[in-house]
Amino acid sequence: MQKINIAIDGYSSCGKSTLAKALAKELNYVFIDTGAMYRAVTLFAMRSDFFANNELDTQSLINSLDEVEVTFEFNQTSQKSHVLLNGEDVEDQIRSMEVSNKVSSIASVPEVRKKLVALQQAMGEDKGVVMDGRDIGTVVFPNAELKLFMTASPEVRVERRLKELQVKNPDITREEVKENIESRDYQDTHRATDPLRQADDALVFDNSDLTPDQQLQKAMQLVQERM
Ligand code: DC
């Protein structure tokens, strides 16, 4: 059967990657978490001390971008794809609150976006990719056969993220999570380069009241209509 590309965009913690992963598994497609790529560059910038007093030294980052290699590798133990920064598995480290708090400033640097978008486009050349992010349907794959724009109520999003983060950080508070989500929403939609917005031909997909299984069934119906 002919393969398609599926673009999944939306605010943070809307369940994009849960759905994208499940769809990729069901279809035997490649799942690509583009947020992980921006997070890996953020970790690189942190390690390089490009954040002095929380302020990003954009020029130093741009000058070093050629030294940053972001790739994915399937991990046999976790049975999922992990992001590698210059060959090192950083899948766990990129999920920290510190990275979450700094990633929006990295994602707003046009040179960073240019580099990562080119990598993402190359990954989708042969189709059969489910990619989640903020600009997939608008910039990375404007011709994707299926585009979903995911939403969920703010309460549901905070609750989901809190549960996810509490596994590794039991002390994290609901307020901290809420603040991070709100500040990233604002930055993701207000940055000058490729801000988060719904593509004209994207379908809005609200999963506030859907279980992961229900959202997969619903999305699979849409996939079948497009194939
Ligand atoms: O999906 P996530 O929360 O892991 O993404 C981390 C950050 O990266 C998010 O705040 C916005 C940015 N991002 C982006 O600008 N473009 C993408 N395609 C994916 C993520």
Side-chain angles (χ1 to χ4, degrees), residues 8-21 33-58 60-61 70 83 85 90-110 112-113 116 131-139 148-198 202 204-212 215:
I8 303 187
D9 289 301
Y11 294 98
S12 62
S13 310
C14 275
K16 296 186 301 295
S17 70
T18 304
L19 177 61
K21 255 182 244 167
D33 171 3
T34 61
M37 300 171 79
Y38 289 93
R39 287 170 179 270
V41 177
T42 307
L43 188 65
F44 172 85
M46 281 162 53
R47 288 176 172 180
S48 308
D49 287 327
F50 293 157
F51 285 98
N53 307 321
N54 252 344
E55 196 66 35
L56 172 66
D57 176 353
T58 308
S60 295
L61 173 65
V70 180
V83 68
L85 170 62
V90 291
E91 186 63 31
D92 274 347
Q93 294 167 61
I94 59 161
R95 308 288 164 195
S96 73
M97 207 60 195
E98 193 181 357
V99 171
S100 295
N101 284 330
K102 293 189 159 69
V103 63
S104 289
S105 60
I106 296 287
S108 65
V109 178
V112 171
R113 303 203 68 82
L116 297 187
M131 193 172 275
D132 91 61
R134 305 294 189 285
D135 59 343
I136 312 305
T138 51
V139 178
L148 300 178
F149 190 84
M150 299 204 39
T151 61
S153 72
E155 299 76 29
V156 167
R157 292 169 61 205
V158 171
E159 206 52 43
R160 284 182 187 154
R161 193 62 157 198
L162 184 64
K163 274 202 189 121
E164 195 178 293
L165 290 171
Q166 271 175 336
V167 177
K168 290 206 177 109
N169 180 1
D171 297 332
I172 196 151
T173 64
R174 178 171 278 100
E175 203 43 46
E176 264 179 281
V177 174
K178 188 164 172 277
E179 266 172 32
N180 176 257
I181 286 183
E182 283 170 356
S183 124
R184 282 204 291 151
D185 281 359
Y186 183 84
Q187 293 192 60
D188 291 348
T189 46
H190 287 78
R191 66 168 175 247
T193 311
D194 307 340
L196 168 65
R197 66 174 183 85
Q198 186 190 330
V204 176
F205 196 102
D206 187 328
N207 68 5
S208 306
D209 300 317
L210 297 179
T211 65
Q215 72 168 357

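We count residues from 1, following the sequence as given.
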If you define the side chain from C-beta out and look only at heavy atoms, does anything of [X] sit under 4.5 Å from [Y]?
X: Val177; Y: Ile172; result: yes
X: Asn207; Y: Thr18; result: no
X: Ser105; Y: Glu55; result: no
X: Ser12; Y: Asp185; result: yes
X: Val112; Y: Tyr38; result: yes

Measure the [atom1]-[atom2] distance between [X] and [Y] for me, rounded to the nearest 0.5 Å.
X: Ser108; Y: Gln187; atom1: OG; atom2: CD; answer: 7.0 Å
X: Glu182; Y: Lys178; atom1: CD; atom2: NZ; answer: 4.0 Å
X: Leu196; Y: Ile136; atom1: CG; atom2: CD1; answer: 10.5 Å
X: Glu176; Y: Asn169; atom1: CD; atom2: CG; answer: 7.0 Å
X: Met150; Y: Cys14; atom1: CE; atom2: SG; answer: 6.5 Å
X: Ile181; Y: Ser100; atom1: CD1; atom2: OG; answer: 9.5 Å

Is a side-chain N or O of [X] found less than 3.5 angstrom from the main chain of [Y], in a donor-acceptor match?
X: Lys102; Y: Asn54; answer: no
X: Asp9; Y: Asp135; answer: yes
X: Asn101; Y: Met97; answer: yes

Seminar exercise, completed: What one should report as the nearest heavy-atom pair of Ala152 and Arg160 is CB-NH1, 3.8 Å
Problem set entry | Over all atoms of both residues, closest heavy-atom pair of Asp132 and Thr34 |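 Heavy atoms only, the tightest pair is O-OG1, 2.6 Å.
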Problem set entry | Donor on one side chain, acceptor on other, Arg157 and Ser208, under 3.5 Å | no
Exercise. Just wondering, more than 12 heavy atoms not from Phe50 lying within 6.0 Å of its CZ?
Worked result: yes
Exercise. Does the pair Arg95/Glu91 count as a salt bridge with the N-to-O cut at 4.0 Å?
Worked result: yes
For this session: Please test Ile94 against Val103 for side-chain contact (heavy atoms from CB on, under 4.5 Å), starting from the C-alpha separation and ending with a verdict.
Result: CA-CA 9 Å; Ile94 59 161; Val103 63; over 6 Å; no
